[in-house]
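The structure appears below as structure tokens.
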Amino acid sequence: MNKFFSNKKLIIVMVTLIAVFGMISVSIGLRNNRKAPVFVQRFGNDTLGIVGRVITAPVNAVRNFSGNISDLFNTYDENKALKAEVQDLAETKVQNQTLKNENRDLKKQLNLNETLTDYSKITAAVMSRSPVNWQNYLVINRGSASGIKKEMPVMSGSGLIGRVIEVDKTNAKVELVSSDNNSSNRFAAEISIDGGTPVSGLITGFDTTTATLKMSHLVTADKVKKGQKVITSGLGGLTPRGLLIGTVVKVKKDNYGLANTIYLKPATNLNNFSVVTVINRAIGDD
């Protein structure tokens, strides 16, 4: 029974094909026959058009499907390439920002080195800075092999940031001017007064709330005004005179109106720097 139906289907397909091609031949003959009536020619042309569409429709469908598949793969490849380009762009942007930050720090050091003409300098990079002692210490990548010695002052940008307290062959530890260590060796500082004797004192602490340095142990502060520059005084012989520490922002007396504390805005951002300059010695002191 199954064989009969299978043969029957085959016979139907063959008969259909013969009929289709027969109709195509007749339609072509009628179309080319100038003596045939107009109605007959029109019928032949319509029949040929219908049969053509019937035959070409599956072919066009397959071709369009193949084209869509090809476009899909092309879109996938283009999307993959664009994602790679976006990733490369993001990496390039990060690299450019890093280079920009390094360039900015180096420019600051260049400006510093151009002004400190009386001193020899050693440029170093910050290796580490503990979050626990962020305001107290950091480690630089230069040591005794580079000429670093204890008690050398350290600057960043245009301002003083600290002093070398430990030296190894390839690195050194710097105690920052903002240290809360009461036993640390404090910087002697002075404020130049127009037409008068400079006001001298010590940098004794750091106010974390206002991010200002505190200068105390003053004889008087009557002529000190907001905006005046504070520099190292050179007293004690450990730090050269004239290194910029900061700018006066406030003068405060105690409850008895006797002792004075001067608050300074640091000359450089004590929280954010990656390159420093170690002040070696005054040229000609040998």
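For the numbers below, each heavy atom of this structure counts, side chains included, while hydrogens, waters and symmetry mates do not.
- By the rule that hydrophobic residues join a cluster once side-chain heavy atoms approach within less than 4.5 Å of another member, Met155 and Ile122 end up as members of one cluster.
- Applying the side chain to side chain contact (heavy atoms under 4.5 Å, CB included) test to Lys229 and every residue at least two apart in sequence or in another chain returns Leu244, Thr247.
- A single hydrophobic cluster is not seen to contain both Val251 and Ile231; linkage of ILVMFWY side chains at heavy-atom distances under 4.5 Å, directly or through other members, places them apart.
- When the side chain to side chain contact (heavy atoms under 4.5 Å, CB included) test is applied to Leu235, the partners found at least two apart in sequence or on another chain are Ala188, Ser233.
- In this structure the side chain of Lys223 never reaches within 4.5 angstrom of the side chain of Ile191, judged on heavy atoms.
- Within the 4.5 Å cutoff, the side chain of Val167 has no heavy atoms near those of the Met152 side chain.
- Under the side-chain hydrogen bond (donor to acceptor under 3.5 Å, both in side chains) criterion, Thr239 pairs with Arg163, not counting sequence neighbours.
- Grouped by direct or indirect side-chain proximity (heavy atoms under 4.5 Å, Ile/Leu/Val/Met/Phe/Trp/Tyr only), Trp134 sits alone.
- Atom CZ of residue Phe206 and atom CG of residue Leu264 lie 11.0 Å apart, to the nearest 0.5 angstrom.
- Under the 4.5 Å side-chain heavy-atom criterion for Ile, Leu, Val, Met, Phe, Trp and Tyr, Leu138 and Phe187 are members of the same hydrophobic cluster.
- Between Leu160 and Thr232, some side-chain heavy-atom pair lies under the 4.5 Å cut-off.
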Identify all side-chain donor-acceptor contacts of residues 210-217 below 3.5 Å with residues at least two apart in sequence or on another chain.
| from | atom 1 | to | atom 2 | distance (Å) |
| --- | --- | --- | --- | --- |
| Thr210 | OG1 | Thr212 | OG1 | 2.6 |
| Ser216 | OG | Thr204 | OG1 | 2.9 |

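- Counting only residues at least two apart or on different chains, no salt bridge (Lys or Arg N to Asp or Glu O under 4.0 Å) pair has a member in residues 133-143.
- Of all non-hydrogen atoms in Leu218 and Gly201, the two that sit nearest each other are CD2-CA, 3.8 Å.
- Val177 and Val248 fall within a single hydrophobic cluster, where Ile, Leu, Val, Met, Phe, Trp and Tyr are joined by side-chain heavy atoms under 4.5 Å apart, directly or via other members.
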Next item on the list: Applying side chain to side chain contact (heavy atoms under 4.5 Å, CB included), run through Gln228 and Val199 and close with a yes or a no.
Entry: CA-CA 11 Å; Gln228 291 177 327; Val199 175; over 6 Å; no
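- Side-chain N or O atoms of Ser178 include one that pairs as donor or acceptor with a backbone N or O of Gln135 at under 3.5 Å.
- Annotation: side chain to side chain contact (heavy atoms under 4.5 Å, CB included) contacts of Val139 (sequence neighbours excluded): Met127, Ser128, Asn171.
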Item checked: Step-by-step side chain to side chain contact (heavy atoms under 4.5 Å, CB included) determination, Lys121 to Ile279 -> CA-CA 5 Å; Lys121 285 83 58 177; Ile279 307 302; 4.0 Å; yes
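- Partners of Glu166 by side chain to side chain contact (heavy atoms under 4.5 Å, CB included), not counting sequence neighbours, listed by chain and number: Lys173.
- Hydrophobic cluster membership for Leu202: none, as no Ile, Leu, Val, Met, Phe, Trp or Tyr side chain comes under 4.5 Å of it.
- Taking CG of Asn280 as the start and OG of Ser146 as the end, the distance is 11.0 Å to the nearest 0.5 Å.
- Looking at Leu176 and Arg129, their side chains come closer than 4.5 Å, going by heavy atoms from C-beta outward.
- Applying the salt bridge (Lys or Arg N to Asp or Glu O under 4.0 Å) criterion to Glu190, with sequence neighbours excluded, gives Arg241.
- No side-chain heavy atom of Thr277 sits under 4.5 Å from any side-chain heavy atom of Val154.
- When atom types are taken as modelled, the side chain of Asp207 and the backbone of Thr209 share a donor-acceptor pair closer than 3.5 angstrom.
- Of the inter-residue distances, the one linking Asn181 atom CG with Arg186 atom CZ reads 7.0 Å to the nearest 0.5 angstrom.
- Rounding to the nearest 0.5 Å gives a distance of 9.0 Å between OG of Ser130 and CG of Asn136.
- Heavy atoms only, all atoms of each residue included: Ala267 and Gly159 are closest at CB-CA, 3.6 Å.
- Between Val278 and Ile140 there is a side-chain heavy-atom pair separated by less than 4.5 Å.
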Next item on the list: Show your reasoning for whether side chain to side chain contact (heavy atoms under 4.5 Å, CB included) applies to Val276 and Ile161.
Entry: CA-CA 9 Å; Val276 300; Ile161 64 166; 3.7 Å; yes
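- Across all non-hydrogen atoms, the minimal contact from Ser179 to Glu175 is OG-OE2, 3.5 Å.
- Exactly one of Thr268, Leu270, Asn269 qualifies for a side chain to side chain contact (heavy atoms under 4.5 Å, CB included) with Asn272. That residue is Asn269.
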